[in-house]
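Take a look at the structure below.
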Amino acid sequence: VQGQYLFQLDNGQILAVLITIDQCLIVFLDGLVNGIQAGRIGLQHIDVIVRDIFLRPHIFADDPFAQCRNDLSGLKIFHSTTKRCSEVWAEYLISVKATAGTSYIEQVEKNGRNYILPVIGTRQIGDLSTGMLQDVLNRAYKEGCLNPNSKRQSRGNLSRKTLQGIRGVEVSFVKWARQHKYTTLRPEDENLTVPKGARQKGRKILQPDSLRVLLSTDTRVVRGKVEPDENVHAYRLAVMTGLRPGELLGLRVGDLDGDRLHIGRAINRQNEETSGKNENAIRTVELHPLAVNEIYASKFEAPFPARSAF
């Protein structure tokens, strides 16, 4: 079986084996950094069993490794795979889908499909390096979507936030692969960075004149026609409190206690109820009287008794 294999001996040494069609290169590694070529033996003298790999001591009888014969009896697998990154990615996705929420699953699938796999998908996981992962970020920043079959093609100049999301998925993927003994790579310790030229997307800030209109008008213009805006109280509360859109949709009338509002849920794009963006999302805030009025106004203007505040 051709491939690259890493083993850890009982004495702590790392043994690398590179098997080609006609030879087997044995290398002892010092902390996986300094490699010293120790010698070569013919492929016909080595037995390799995939998934339960061991080296038979007698093959070293006539070579420079005879002194390690006793250590090999306790040989254990450190890394042994020639799987493509795309195959390992498929296994990783199964794990993500079993533990994560829908929004994060979509983010992982999108970043993998459009940016990560087009660069590293055909590479063997054992060959994966931080440089390859950096190439993903550099190319995504410069070229945008790298998947020619994607329905939405970005043109490059991705925002810093988008690239940070791609980097986060890369690190998560490699961490999972490391836990499953596919690799020893640690990109989080090797300066995997977002390109310096990436910038935060500009935000359009609501100006004082626009705020006055929002707080004094409850209509909107749609295709040239003025009509009531049923979401105006939510817009006003968002401005007064800084709540996220999903948190506004998750509010219930019972969450208001006097002038204190308990925020304990959110509704995502899939209309699923979640506990919020992160561990800090669950909180209680004290409201200005105007904000309290907006919640009550929304409650009483609903056409039917509603469990939701908006």
Side-chain angles (χ1 to χ4, degrees), residues 2-6 16 18 29 32-33 35 78-202 268-269 277-278:
Q2 300 181 57
Q4 301 173 5
Y5 305 93
L6 289 178
L18 173 62
L29 301 178
L32 294 178
V33 177
F78 193 79
H79 164 72
S80 68
T81 183
T82 55
K83 280 188 176 181
R84 303 291 179 187
C85 287
S86 57
E87 296 176 275
V88 179
W89 178 271
E91 298 178 23
Y92 164 68
L93 269 186
I94 293 174
S95 176
V96 171
K97 290 177 179 179
T99 58
T102 306
S103 296
Y104 182 70
I105 293 171
E106 284 190 352
Q107 178 186 347
V108 170
E109 289 181 324
K110 182 187 72 173
N111 286 335
R113 181 176 59 250
N114 292 337
Y115 305 108
I116 299 173
L117 291 181
V119 178
I120 69 169
T122 59
R123 298 277 191 169
Q124 292 183 357
I125 188 68
D127 294 334
L128 187 63
S129 67
T130 301
M132 295 177 190
L133 298 175
Q134 187 66 58
D135 288 342
V136 171
L137 296 174
N138 294 346
R139 288 189 57 189
Y141 167 63
K142 192 70 175 178
E143 303 171 37
C145 180
L146 303 174
N147 179 5
N149 299 318
S150 177
K151 294 180 181 179
R152 296 179 62 184
Q153 292 285 342
S154 55
R155 298 290 184 177
N157 294 323
L158 296 184
S159 70
R160 174 168 290 273
K161 183 177 180 180
T162 299
L163 292 167
Q164 287 172 336
I166 297 171
R167 178 187 181 277
V169 173
E170 286 185 308
V171 171
S172 174
F173 167 60
V174 175
K175 180 180 179 180
W176 182 92
R178 191 169 64 243
Q179 290 172 337
H180 289 75
K181 306 302 181 185
Y182 283 123
T183 183
T184 59
L185 188 63
R186 302 186 67 88
E188 62 271 31
D189 297 336
E190 297 183 25
N191 201 31
L192 180 64
T193 59
V194 170
K196 292 183 179 180
R199 295 287 182 263
Q200 296 284 2
K201 279 189 176 179
N268 63 20
R269 289 185 300 174
K277 183 176 181 180
N278 51 46

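All of these numbers come straight from a predicted model, not from anything done at the bench. Starting from 1, each residue takes its place in the sequence as its number.
Checked against the 6.0 Å centroid criterion, the rings of W176 and F173 do not qualify as a close aromatic pair.
Side-chain contact between I166 and L158: present, with at least one pair of heavy atoms (C-beta onward) separated by less than 4.5 Å. Side-chain contact between V169 and Y115 is absent, with no heavy-atom pair separated by less than 4.5 Å. Taking 4.5 Å as the limit, some side-chain heavy atom of L133 sits within range of a side-chain heavy atom of L185. For the pair E109/L93, a side-chain contact is recorded, criterion being any heavy-atom separation below 4.5 Å from C-beta on. Two residues are said to be in side-chain contact when any heavy atoms from C-beta on lie closer than 4.5 Å; R123 and R84 fail this criterion.
Taking CZ from R160 and NZ from K196, the interatomic distance works out to 10.0 Å, rounded to the nearest 0.5 Å. To the nearest 0.5 Å, the span separating CD1 on I125 from CD1 on I120 amounts to 6.5 Å. T102 OG1 to K97 NZ: the interatomic distance, rounded to the nearest 0.5 Å, is 11.0 Å. With rounding to the nearest 0.5 angstrom, the CD1 atom of I116 is 13.0 Å from the CG atom of D135. The OG1 atom of T184 lies 10.5 Å from the CG atom of L128; values are rounded to the nearest 0.5 Å.
Every residue two or more places apart in sequence or in another chain that forms a side chain to side chain contact (heavy atoms under 4.5 Å, CB included) with Q134 is listed here: L137, N138, L192, T193. Listed by chain and number, the residues in a side-chain hydrogen bond (donor to acceptor under 3.5 Å, both in side chains) with E106 are Q270 (sequence neighbours excluded). Not a single side chain to side chain contact (heavy atoms under 4.5 Å, CB included) links A90 to another residue, sequence neighbours left out.
Look at R139 and E143 and you find a salt bridge, because one of the NZ, NE, NH1 or NH2 atoms lies within 4.0 Å of a carboxylate O, short of that distance.
Residues M132 and D127 share a closest heavy-atom pair of CE-O, 3.1 Å. Summarising the geometry of L163 relative to A140, their closest heavy-atom pair is CD2-CB, 4.1 Å, with the distance given to 0.1 Å. Contact between C145 and S150 at its shortest, heavy atoms only, is SG-CB, 3.5 Å.
In this structure, the side chain of Y141 engages the main chain of G197 through a donor-acceptor pair within 3.5 Å.
Crowding of R178 atom CZ: a count of heavy atoms from other residues, nucleotides or ligands under 6.0 Å exceeding 12.
Screening H180, Q124, K83 for a side-chain contact (heavy atoms from CB on, under 4.5 Å) with V88, the sole residue that qualifies is K83.
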